[in-house]
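The shown structure was predicted, so the numbers you read here are calculated from the model rather than taken from an experiment. First the proteins, then the strands, lettered A, B, ... as listed; each starts at 1.
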There are 4 protein chains.
Amino acid sequence: MTTTAPHAATPAAPAVPRQEVPRLACDYTTAAARRRMAFLREVTGVRPEHIGRYSFDPAVCAGNIENFVGVAQVPIGIAGPLLVDGEHARGIFYVPLATTEGTLVASYNRGMKLLYAAGGVRTTVTADAMQRAPVFGFDGAREARAFGEWVTANFAAIKNEAEAATRAGRLRDIEQFQASRFLFLRFNFTTGDAAGQNLAGHATQRACTWIQEHYAGIRQFYLEANLATDKKSSHLNILRTRGKRVTAEAVIPADLVRRVMHATPGEMFRARQVSNLGGLMAGVNNNGNHSANAIAAMFAATGQDIANVAESSAALVHTELRDDGGYYYSITIPALIVATYGGGTGLPTQRECLELLGCYGAGKVGKLAEIVAATVLCGEISLGAAVIADEWVAAHERLGRNRP
Amino acid sequence: MTTTAPHAATPAAPAVPRQEVPRLACDYTTAAARRRMAFLREVTGVRPEHIGRYSFDPAVCAGNIENFVGVAQVPIGIAGPLLVDGEHARGIFYVPLATTEGTLVASYNRGMKLLYAAGGVRTTVTADAMQRAPVFGFDGAREARAFGEWVTANFAAIKNEAEAATRAGRLRDIEQFQASRFLFLRFNFTTGDAAGQNLAGHATQRACTWIQEHYAGIRQFYLEANLATDKKSSHLNILRTRGKRVTAEAVIPADLVRRVMHATPGEMFRARQVSNLGGLMAGVNNNGNHSANAIAAMFAATGQDIANVAESSAALVHTELRDDGGYYYSITIPALIVATYGGGTGLPTQRECLELLGCYGAGKVGKLAEIVAATVLCGEISLGAAVIADEWVAAHERLGRNRP
Amino acid sequence: MTTTAPHAATPAAPAVPRQEVPRLACDYTTAAARRRMAFLREVTGVRPEHIGRYSFDPAVCAGNIENFVGVAQVPIGIAGPLLVDGEHARGIFYVPLATTEGTLVASYNRGMKLLYAAGGVRTTVTADAMQRAPVFGFDGAREARAFGEWVTANFAAIKNEAEAATRAGRLRDIEQFQASRFLFLRFNFTTGDAAGQNLAGHATQRACTWIQEHYAGIRQFYLEANLATDKKSSHLNILRTRGKRVTAEAVIPADLVRRVMHATPGEMFRARQVSNLGGLMAGVNNNGNHSANAIAAMFAATGQDIANVAESSAALVHTELRDDGGYYYSITIPALIVATYGGGTGLPTQRECLELLGCYGAGKVGKLAEIVAATVLCGEISLGAAVIADEWVAAHERLGRNRP
Amino acid sequence: MTTTAPHAATPAAPAVPRQEVPRLACDYTTAAARRRMAFLREVTGVRPEHIGRYSFDPAVCAGNIENFVGVAQVPIGIAGPLLVDGEHARGIFYVPLATTEGTLVASYNRGMKLLYAAGGVRTTVTADAMQRAPVFGFDGAREARAFGEWVTANFAAIKNEAEAATRAGRLRDIEQFQASRFLFLRFNFTTGDAAGQNLAGHATQRACTWIQEHYAGIRQFYLEANLATDKKSSHLNILRTRGKRVTAEAVIPADLVRRVMHATPGEMFRARQVSNLGGLMAGVNNNGNHSANAIAAMFAATGQDIANVAESSAALVHTELRDDGGYYYSITIPALIVATYGGGTGLPTQRECLELLGCYGAGKVGKLAEIVAATVLCGEISLGAAVIADEWVAAHERLGRNRP
């Protein structure tokens with residue numbers, strides 16, 4: 001057949017002129033927010049009563065939002081006590097979870113109760129790296145390879161440039177990935193207590209400017225081309241870490257599982273085996289049960305970037321039925337992106353949630369990562385047991401009652 | 001070597017007795033929330049001032065949260081006007097985005113401006129299915145296959161049972177996936193305006209009870225074993241849809257790209273090619289730029305389950321450089337899980353955000369899906385152009401100033 | 001930076017004129033093969049003595065090769081007896097394996113011995129489908145969806161057209177996969193005893209010609225666009241089968257494992273768990289040990305298309321430690337592409353190898369699939385045990401002696 | 001429901017006693033082969049006439065096969081001249097392809113003709129590494145991390161041990177991948193002209209013995225646990241190379257594409273875009289057309305391990321439509337496992353095929369890798385054009401005539 005250039009139909013341009021959302025000179029003010037809300041009422045006919053009821057001065061939002069009109073009030077429930085045996089987090093925590101999904105808090109709470117009785121959750125941050133992955137194009141693969149050798153030889157200078165752009169960031173190493181006539185460089189930074197995406201972006205940008213000034217033959221350059229892989233789950237990040245790589249583990253005595261979970265370790269382990277098989281066949285990025293639930297709820301509560309749930313929800317679960325009947329359960333989160341400084345962490349409720357965990361500010365990011373991982377583990381076991389004990393649907397029926 | 005049974009060290013049990021978060025008889029009340037907050041103050045020493053300042057009666061939260069103490073106030077910014085040429089959404093929308101990431105609203109706003117001038121975003125919901133995927137174990141693969149034949153032959157009866165458990169749900173079909181001595185059944189429901197996970201769970205549960213009563217030889221049964229794949233990204237869902245499968249597309253004239261985006265379609269297309277290569281090598285579940293940003297921000301604003309960002313952030317981007325210089329850009333979101341009824345959609349600010357979009361309540365879920373997809377497309381193009389025009393880091397520097 | 005169009009350096013054109021490999025009017029003859037061999041001697045200076053020593057009339061190769069010069073003599077070893085408890089294959093088989101990898105035959109032989117003692121390998125073909133997956137492009141996603149509805153409504157007519165092009169093929173169903181403005185149709189055929197790629201291609205081609213004559217608005221059409229996915233491993237084929245989906249399973253008593261394998265089921269199972277974890281992290285298309293070894297060796301021996309090892313080597317392993325100490329081991333091969341008719345199956349040594357298995361000709365393809373799967377299982381267990389027993393490297397040292 | 005332990009039915013033990021394939025004291029002799037053939041005749045009733053007709057002394061097979069009975073005679077066709085502009089391979093080659101798939105040689109031949117006219121194929125080996133990936137288990141993740149630090153600190157000593165076990169192998173580095181309480185170490189070797197799996201296995205084994213003697217607290221050890229990932233395709237190997245990473249690239253003038261391929265670069269490029277989309281959706285490990293065909297045929301001809309087609313068939317294709325109308329086409333093969341020494345390379349026909357390419361023996365492996373990649377590229381373009389020009393099915397009809 002003749003392949004004609006395809007085209008999409010274009011809708012008629014709207015009759016009314018385009019009306020932008022108003023901005024004021026002093027834009028992070030109640031007045032500006034109200035002005036925009038009035039505009040919204042005008043163009044939509046809707047009169048929101050709750051969005052505009054926030055408890056802080058909009059000035060605190062500068063740097064976090066544009067065209068501010070108010071807030072989403074996301075309910076927070078408290079699960080706990082969570083007993084953590086980490087290196088950064090040690091002891092008892094009450095965990096704020098912001099969610100609208102009924103049973104979520106109750107389910108995590110149940111898991112925390114079980115693991116409290118089992119002696120707590122052991123947590124370990126095993127790696128730490130935030131990336132930006134610029135790509136350089138050359139005449140051909142051979143030239144790309146030569147560039148890679150140059151980068152290796154000039155690492156000290158590149159590191160110097162990159163780190164000149166940031167206070168908190170340190171360039172750990174640069175990984176190289178070649179395909180076609182391109183060399184992708186994966187700049188791995190440690191970023192202190194910030195999540196560090198912007199820091200990494202800025203520092204890499206500066207380093208790349210220097211590289212372009214010092215290396216001839218670069219035909220294309222992009223600061224990012226899907227190898228970081230920001231806001232996306234990828235096998236690369238499962239292998240090589242993005243943010244923190246954290247493992248939470250626990251051994252639960254058999255009688256405890258039976259008493260609290262109404263299931264035996266053997267039953268739970270057998271079900272897990274089938275979930276591993278199902279997940280392998282489905283092509284999951286997470287063979288666990290529902291780590292995204294805790295991660296999303298803690299991210300929303302503590303001012304993390306909730307879009308990072310996309311990548312942070314990847315997980316590797318490994319469990320073992322021990323000879324003494326105990327159940328070893330571990331989850332490794334290879335791309336947990338958390339911060340206790342910068343981003344949304346300083347906003348009023350977000351900061352308070354961090355403070356409830358003793359995690360606000362400098363030197364706390366490892367602690368937060370451990371608490372998140374420990375919480376995730378509690379939920380894995382709780383849901384895993386519920387599926388066994390046929391309680392799952394029943395629990396949703398009872399607690400999640402306003403669902404259709 | 002001798003492989004001895006490994007064991008994890010157990011922390012000493014905490015000296016103080018375990019203190020549960022208090023619950024009251026009437027638990028969804030301000031009094032109960034305050035009681036818990038007092039408890040938190042006592043055990044943590046922290047005195048939150050903002051979490052407890054919500055604008056609604058806690059009674060509305062029943063079914064959405066347990067151990068309610070207050071709310072996360074997540075800033076909402078408005079992007080728009082967004083011009084949508086959908087089947088359910090037609091015309092102009094102002095989109096509430098709840099986020100703490102600076103530049104996000106501005107970036108989407110810029111893309112909306114471009115696509116408004118280009119005639120808007122064309123959106124299409126091409127598929128709709130919510131799943132629960134129970135698994136049945138047998139003596140061997142042969143028996144699993146025989147069971148599959150029985151399920152096919154008895155589909156009408158199974159459908160009958162499943163649908164008896166729900167008002168809104170309809171069982172579309174049951175897909176079968178065999179591995180080892182297991183048959184996984186993927187129950188595909190349409191679920192009206194609810195996201196439908198609980199509905200699907202409940203209906204599938206009932207159908208499976210019936211199945212177990214009518215089929216001999218089932219050795220194991222689990223209502224879920226990672227083939228749904230709830231709260232997890234999977235290749236299966238990219239292929240076979242979870243929630244809505246939506247495509248947003250637009251053709252942007254070359255001069256418009258240049259004028260608004262400071263980049264040519266040719267430059268943007270070339271960069272996209274390299275992103276496709278990078279993403280393929282990295283093993284991404286999304287070859288786009290950052291769909292998770294819009295999805296997370298709209299989910300938080302409108303009361304969707306934000307944990308679903310894990311799966312809803314998967315995306316397939318396809319672009320074309322047309323002969324007339326125009327740039328065709330499309331994104332297909334294969335697992336967009338949205339609701340306009342049930343879950344968190346009825347909470348005060350969440351409902352208001354849906355109302356701002358004209359999406360609250362019955363018969364609106366297709367409209368919401370289209371608006372989300374259209375918003376996502378605007379952000380894809382905006383960030384895609386920024387990477388080209390070297391504006392990306394600079395924009396974050398200017399707007400995201402409270403970052404380290 | 002300025003992005004200039006990249007270019008690859010071009011080598012100087014060779015001074016000597018281009019010399020094609022000679023072809024004769026009667027090309028599948030010894031004379032033609034010798035003529036080409038003489039040409040090779042002339043242009044390379046090499047005088048092969050063995051390639052030209054084949055035992056058949058080159059006329060038999062027509063349809064299998066072009067520019068025939070002789071044969072690769074690939075050593076065949078025999079493993080067995082293999083005891084199979086299949087539906088198509090029942091009883092004892094001696095399996096020809098063509099390979100150059102030392103220890104391969106010995107390893108499979110050892111596994112066969114173990115599973116013979118355990119009562120044999122149970123095999124089941126659970127699905128059968130060969131595909132071609134044409135793609136149709138439209139103005140937009142909406143038009144692609146409409147086309148999909150038309151295809152569903154016109155399935156009978158399309159099936160009619162497709163089947164008119166083939167004797168052996170039956171069109172089972174057409175799966176639809178939409179992305180952007182494209183609809184991919186996956187035509188699933190059963191193909192009798194042929195592998196069926198060409199049959200499927202031909203029949204789909206004819207159906208697509210008919211479709212193009214009867215449906216307006218198709219803007220692009222390709223008979224294949226990486227959704228089949230011929231000669232490539234894909235998650236789609238793991239989920240939905242390509243060729244035969246076969247499961248081989250066995251339960252091995254604990255004392256047998258110990259006696260023959262010098263390992264306990266518990267040790268083997270524990271190691272398997274770690275392999276599952278490793279494979280999940282690595283992103284494998286096969287969590288087993290080395291199914292490709294048996295598949296490649298049997299494909300080479302029996303005239304299968306060895307390029308299909310790319311897709312046929314995908315596998316799903318699931319094992320269980322039973323309460324009585326027995327070890328349940330299963331492997332599911334979701335894309336085993338085999339034929340007992342057509343392709344290379346009629347060539348002299350290839351046909352003889354099929355005959356040794358009682359698998360040459362009509363009605364035998366299920367039997368061959370089951371024997372391959374049973375062989376694969378024997379090797380999985382053998383290597384699995386060797387890794388445990390630290391015998392692995394030692395075995396290669398002893399048997400694979402001409403390696404560096 | 002009650003979950004009872006599942007069990008598979010066991011077939012009745014065969015009545016006749018188990019008859020092993022006979023072995024003689026001098027087993028790599030014609031007498032031994034004939035003895036086994038006689039045995040096969042006896043137990044199967046089949047009288048093979050061709051398998052036993054090989055042209056060499058079976059003694060040459062020791063180390064390559066066990067239970068030798070004869071050979072598979074796989075037809076070899078010659079494609080060429082192939083013009084290569086590599087670093088190791090320069091000039092003209094005539095490529096032996098062992099296959100039974102009609103049209104394969106013709107298709108590669110056509111692509112070679114096109115790329116000859118275009119100035120040849122540029123090839124580059126960009127990386128070289130063969131792996132064994134042992135795993136060590138500990139009490140917990142924290143202990144696994146500590147072990148990783150020890151490995152880094154003791155790299156020199158480990159390297160020393162590893163290299164003491166091999167002449168040709170050099171330990172390049174050890175990558176670490178942690179999950180749960182396990183640390184996987186990926187030992188990356190360069191292996192000279194051998195494929196090197198056995199070398200890597202042996203050297204890693206020795207290093208691991210040393211490690212176990214010098215590090216306390218190791219609870220489990222396996223020499224391999226699916227992170228190498230031998231005989232399996234994996235994302236890890238696409239990212240980090242297994243064997244050689246080779247890129248082949250060419251720029252083809254527009255008029256040449258039209259004249260030889262009956263398609264325009266624009267048409268080919270557009271089709272490629274859709275293949276990229278299809279492959280992304282399908283979850284392929286190779287977005288190209290059919291690299292497995294050339295790789296399998298060259299592996300069979302030249303004595304490579306054909307089971308490695310499983311991993312070597314992964315590929316990354318990237319193409320560009322240049323401003324002057326030329327078509328840039330590249331393929332990167334990230335896990336090409338080839339040898340010119342050891343394994344099957346010294347067998348009679350296999351060695352001759354290597355000699356025809358000037359690739360037998362020491363110092364030739366880079367050359368062979370480049371010729372394979374160049375051949376692959378020719379086939380990619382040839383099939384890519386055929387799909388466009390609707391010649392694909394027609395060609396199979398004409399040349400692959402003995403198919404059903």
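- Remark: A:F182 pairs with D:H318 by the ring-ring contact (aromatic ring centres under 6.0 Å, His included) rule, at least two apart or across chains.
- Side chains of A:P75 and B:Q350 form a contact here, defined as non-hydrogen atoms less than 4.5 Å apart.
- Judged purely by atom type and a 3.5 angstrom limit, B:T44 has no side-chain atom pairing as donor or acceptor with the backbone of A:L356.
- Looking at A:L280, neither its backbone nor its side chain comes within 4.5 Å of chain B, counting heavy atoms on both sides.
- Side chains of A:D305 and B:T100 form no contact here, defined as non-hydrogen atoms less than 4.5 Å apart.
- Taking 4.5 Å as the limit, some side-chain heavy atom of B:V274 sits within range of a side-chain heavy atom of A:F184.
- Two residues are said to be in side-chain contact when any heavy atoms from C-beta on lie closer than 4.5 Å; A:R36 and B:I78 fail this criterion.
- Between the side chains of A:N285 and B:K232, no donor-acceptor pair is found at a separation under 3.5 Å.
- Both the backbone and the side chain of B:S275 come within contact range of chain A, with heavy atoms under 4.5 Å apart.
- Looking at B:T229, the atoms closer than 4.5 Å to chain A (heavy atoms on both sides) all sit in the side chain, from C-beta outward.
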Under the side chain to side chain contact (heavy atoms under 4.5 Å, CB included) criterion, do A:E66 and B:N109 qualify, and how do the steps go? CA-CA 10 Å; A:E66 297 85 44; B:N109 210 42; over 6 Å; no

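- Not counting sequence neighbours, A:R53 has no partner by the salt bridge (Lys or Arg N to Asp or Glu O under 4.0 Å) test.
- At a threshold of 4.5 Å between non-hydrogen side-chain atoms, the residues A:L347 and B:Q73 do not count as touching.
- When heavy atoms are compared at a cutoff of 4.5 Å, B:Y54 approaches chain A by way of both its backbone and its side chain.
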Item to complete: Starting from the C-alpha separation in whole Å, work towards a yes-or-no answer on side chain to side chain contact (heavy atoms under 4.5 Å, CB included) for A:E101 and B:N64.
Response: CA-CA 5 Å; A:E101 198 199 0; B:N64 292 110; over 6 Å; no

Between A:V74 and B:V74, is the side chain to side chain contact (heavy atoms under 4.5 Å, CB included) condition met? List the steps.
CA-CA 8 Å; A:V74 185; B:V74 184; 4.3 Å; yes

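- In this structure, B:V46 and A:E352 have side chains that are not in contact, with every pair of non-hydrogen atoms separated by 4.5 Å or more.
- Between the side chains of B:S55 and A:E49, no donor N or O sits under 3.5 Å from an acceptor N or O.
- Side-chain contact between B:L227 and A:M281 is present, with at least one heavy-atom pair separated by less than 4.5 Å.
- Within the 4.5 Å cutoff, no side-chain heavy atoms of B:H50 are placed close to those of A:R351.
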